**Student:** 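The structure under discussion is supplied below as structure tokens; questions concerning it will follow.
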Amino acid sequence: MTDRKKQTSSNKSILLVEDEQNLAVGLKFNLEQEGYQVELAKDGREAIEMFAQHPCDLIILDIMLPFY
């Protein structure tokens, strides 16, 4: 990882909303390798609760989440 990547991603947080466990774990791993802090939510309700308690810099949302 270059110093430039470290500077741009350092301390940046991402909320990843994904219901497919294997995909979520893979995405989280790769984003963390780039220096991001990643929190996982398995559905929209959990994402809203997590965001309310710990705002983030970016939300990555699976737009095909099942509707409950």
Side-chain angles (χ1 to χ4, degrees):
M1 183 179 331
T2 66
D3 287 336
R4 186 169 151 229
K5 281 188 181 179
K6 285 182 184 176
Q7 289 175 350
T8 58
S9 60
S10 176
N11 298 324
K12 298 294 182 179
S13 61
I14 297 173
L15 175 57
L16 175 59
V17 188
E18 174 59 61
D19 62 329
E20 188 176 318
Q21 184 68 21
N22 291 334
L23 182 57
V25 170
L27 287 169
K28 182 178 191 294
F29 175 80
N30 286 308
L31 289 166
E32 288 176 339
Q33 292 300 305
E34 293 296 321
Y36 296 98
Q37 296 175 349
V38 182
E39 295 293 327
L40 292 177
K42 66 181 181 299
D43 58 41
R45 284 186 187 192
E46 185 177 5
I48 291 169
E49 291 170 8
M50 292 174 75
F51 186 78
Q53 294 195 2
H54 303 285
C56 58
D57 297 302
L58 175 71
I59 297 174
I60 299 177
L61 175 64
D62 175 359
I63 61 169
M64 298 297 290
L65 285 173
F67 182 76
Y68 296 100

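Values below: all heavy atoms of this structure, side chains included; hydrogens, waters and symmetry mates excluded. Computed from a predicted model, the values in this text were never measured in an experiment.
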**Student:** Taking the side chain from Glu18 and the backbone from Glu20, do they hold a donor-acceptor pair closer than 3.5 Å?
**Tutor:**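 Flag set: sc Glu18 to bb Glu20 pair under 3.5 Å.
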**Student:** Counting C-beta onward and ignoring hydrogens, is there a side-chain heavy-atom pair between Ile14 and Gln37 closer than 4.5 Å?
**Tutor:**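 In short, these two side chains do not touch, never coming nearer than 4.5 Å.
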**Student:** Is Arg45 salt-bridged to Glu49, going by a charged N under 4.0 Å from an acidic O?
**Tutor:**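 Salt bridge between Arg45 and Glu49, a charged N being under 4.0 Å from a carboxylate O: no.
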**Student:** Just wondering, do Leu15 and Val17 contact through their side chains at under 4.5 Å, heavy atoms?
**Tutor:**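 A side-chain contact under 4.5 Å exists here.
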**Student:** Which atom names give the shortest non-hydrogen contact between Ser13 and Cys56, and what distance separates them?
**Tutor:**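 Shortest heavy-atom contact: OG-CA, 3.2 Å.
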**Student:** Closest heavy-atom contact between Glu46 and Leu40?
**Tutor:**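 The answer is OE2-O, 4.1 Å.
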**Student:** Under 4.5 Å between side-chain heavy atoms, counting indirect links through other Ile/Leu/Val/Met/Phe/Trp/Tyr residues: same cluster for Ile48 and Ile60 or not?
**Tutor:**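 Shared cluster, no.
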**Student:** Do Phe51 and Leu58 sit in the same hydrophobic cluster, where Ile, Leu, Val, Met, Phe, Trp and Tyr count as joined when their side-chain heavy atoms come under 4.5 Å apart?
**Tutor:**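 Result: no, two separate clusters.
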**Student:** Would a single hydrophobic cluster contain both Val25 and Leu16, if residues Ile, Leu, Val, Met, Phe, Trp and Tyr are joined by side-chain heavy-atom contacts under 4.5 Å?
**Tutor:**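 No, Leu16 does not connect to Val25 through the hydrophobic network.
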**Student:** Of all heavy-atom pairs between Lys12 and Asp57, which one has the smallest distance, and what is that distance?
**Tutor:**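 Looking at all heavy atoms of both residues, the shortest contact is CA-OD2, 3.2 Å.
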**Student:** With the side chain counted from C-beta on, respond yes when Leu65 and Asp62 share a heavy-atom pair under 4.5 Å apart, and no when they do not.
**Tutor:**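 Yes, side chains in contact.
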